[in-house]
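Report on the following structure.
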Amino acid sequence: MTSPTTRLLRLLTLLQEGTRTGRDLAERMDVTDRTLRQDIARLRDLGYPVHATRGPVGGYRLGQGATMPPLLLDDDEAVAVAVAMNVAADGSTGITDIQANLERAQSKLDRILPKRLQRKVTALRAVTDIGPAVTGSREPDAPVPAETLATLATAIRATTTLRADGAEVEPYRLISWQRRWYLVAYSLESHTWRALPVASITEISPGTRHFAPRPLPDTDLVAFVLREIASTGWQVHARVTVLAPAETVIARINPTVGVVEPVDDASCLLLTGADRLETIAIYLSMLMMDFRVDSPPELVTHIRTLARRYAAATES
């Protein structure tokens, strides 16, 4: 016979999924209608606002109450919440008074996670770095399945190789930036360090071969990934001559916007990219410096169109 406590937790889980008829709840829990009504009353006594709906068969739903009652999460939901809190814990939420509350909530969740889930969450936290927040225009999100991240995190901690779209790599670190995930890895085929966009990998399979960690390409792997994104990680790239000293441009841009190379004392070369030409145009306008687009021609055409629109908007 199921204990009353276990039965209440099961009932609460069912109610959190949406409105249920009394008959459905009784059948799923294998109890009588009378026992169901008693359990509903116990939940209400504990502070859960269980509302009843009238009708031929009747029904119950979990409503909003005056206080926050305990919340039940299944395994996948608990891992998702823990990972999301970890990503938000770098202070990039933009909310000034959220950090202390976030840390307390994270601590509570850590204490109650089962060991099998705690291992997943701990592995992901241990191998993940968070990139800097960027104001202004943001590229479209590139969501990644939680199971994929768990596979990568496990391989990184175990120092075992992976096959990513058929290519064998040594995984070293996960970087979360702008709601995108990147894997810092050493390619055993090209013998180069890569910052792989995880969302772009269609097939990932764990390997069994252990590897000895190599010297990293940079002591700051976030900086390494940002440089890779700026130079190779976008759908479109641009080459722009900025009529200002390189140190002045470097001081104004985020590392992900581009790589700056000095030309002379009064100009420099900016290698930049984005997933859309419109985004590059916005970045260039935010520099507040004179510039000349060297390539691609499509960006030149787009900026000329914008220039005509801006000029027309200021005509009286």
Separation between OG1 of Thr154 and CG of Leu124, rounded to the nearest 0.5 Å: 9.0 Å
Smallest separation among heavy atoms of Ala281 and His302, with atom names: CB-CD2, 3.7 Å
Residues Asp39 and Arg42 bridged, charged N to O under 4.0 Å: yes
CZ (Arg34) with more than 12 external heavy atoms under 6.0 Å: no
Verify same cluster id: Ile282, Leu306 (apolar side-chain graph, 4.5 Å): no
Side chain to side chain contact (heavy atoms under 4.5 Å, CB included) involving Thr192 - partner list, sequence neighbours excluded: Ser187, Ser190, Arg194
Closest heavy-atom pair and its distance - Val263, Leu269: CG2-N, 3.7 Å
Crowding at CG, Asp45 (>12 non-hydrogen neighbours, <6.0 Å): yes
Minimal non-hydrogen separation, Gly258 against Leu270, with atom names: CA-CD1, 3.9 Å
side-chain contact (heavy atoms from CB on, under 4.5 Å) between Thr122 and Arg157, worked out: CA-CA 10 Å; Thr122 300; Arg157 294 201 77 182; 3.8 Å; yes
By ring-ring contact (aromatic ring centres under 6.0 Å, His included) - contacts of Tyr172 (at least two apart): Trp193, Phe211
Spacing of Gln235 atom CD and Asp275 atom CG [to the nearest 0.5 Å]: 5.0 Å
Within 6.0 Å of CG in Asp264, more than 12 heavy atoms from elsewhere: yes
Test side-chain contact (heavy atoms from CB on, under 4.5 Å) applied to Leu36 and Leu11, step by step: CA-CA 9 Å; Leu36 175 63; Leu11 175 57; 4.0 Å; yes
Check: Leu216 and Phe224 side chains under 4.5 Å, non-hydrogen atoms: no
Residue pair Asp220 / Asp129, side-chain heavy-atom distance below 4.5 Å: no
Any Glu298 side-chain heavy atom under 4.5 Å of Val236 side chain: no
Set of side chain to side chain contact (heavy atoms under 4.5 Å, CB included) partners for Pro206, sequence neighbours left out: Thr151, Leu162
Carboxylate-amine/guanidinium contact Glu27 Arg20, below 4.0 Å: no
Minimum side-chain heavy-atom gap Ile303-Phe291 below 4.5 Å: yes
CZ-CG distance between Arg163 and Leu188, expressed to the nearest 0.5 angstrom: 9.0 Å
Flag side-chain contact, heavy atom, 4.5 Å: Tyr182 against Ile229: yes
Side-chain (Thr128) to main-chain (Arg125) donor-acceptor, under 3.5 angstrom: no
Beyond-backbone contact of Leu62 with Leu12, side-chain heavy atoms, under 4.5 angstrom: yes
Trace of the side-chain contact (heavy atoms from CB on, under 4.5 Å) decision for Leu152 with Trp181: CA-CA 11 Å; Leu152 296 176; Trp181 290 85; over 6 Å; no
Between CG on residue Asp24 and OG1 on residue Thr19, distance to nearest 0.5 Å: 11.0 Å
Contact summary for Arg37 and Tyr60, nearest pair of heavy atoms: CG-OH, 4.0 Å
Nearest-0.5 Å distance, CZ of residue Arg180 to CD1 of residue Ile175: 15.5 Å
Cluster check Val259, Leu243: I/L/V/M/F/W/Y, side chain < 4.5 angstrom: no
Shortest non-hydrogen contact from Ala164 toward Ile201: CB-CG2, 4.0 Å
Stepwise side-chain contact (heavy atoms from CB on, under 4.5 Å) check, Val225 with Arg173: CA-CA 10 Å; Val225 169; Arg173 199 76 181 167; over 6 Å; no
Heavy-atom check, side chain of Ile40 versus side chain of Arg44, under 4.5 Å: yes
Leu299 CG to His237 NE2 distance, which is reported to the nearest 0.5 Å: 13.0 Å
Arg252 side chain vs Met286 backbone, donor-acceptor pair below 3.5 Å: yes
Minimum heavy-atom distance Pro262-Cys268, with the two atoms named: CA-CB, 4.0 Å
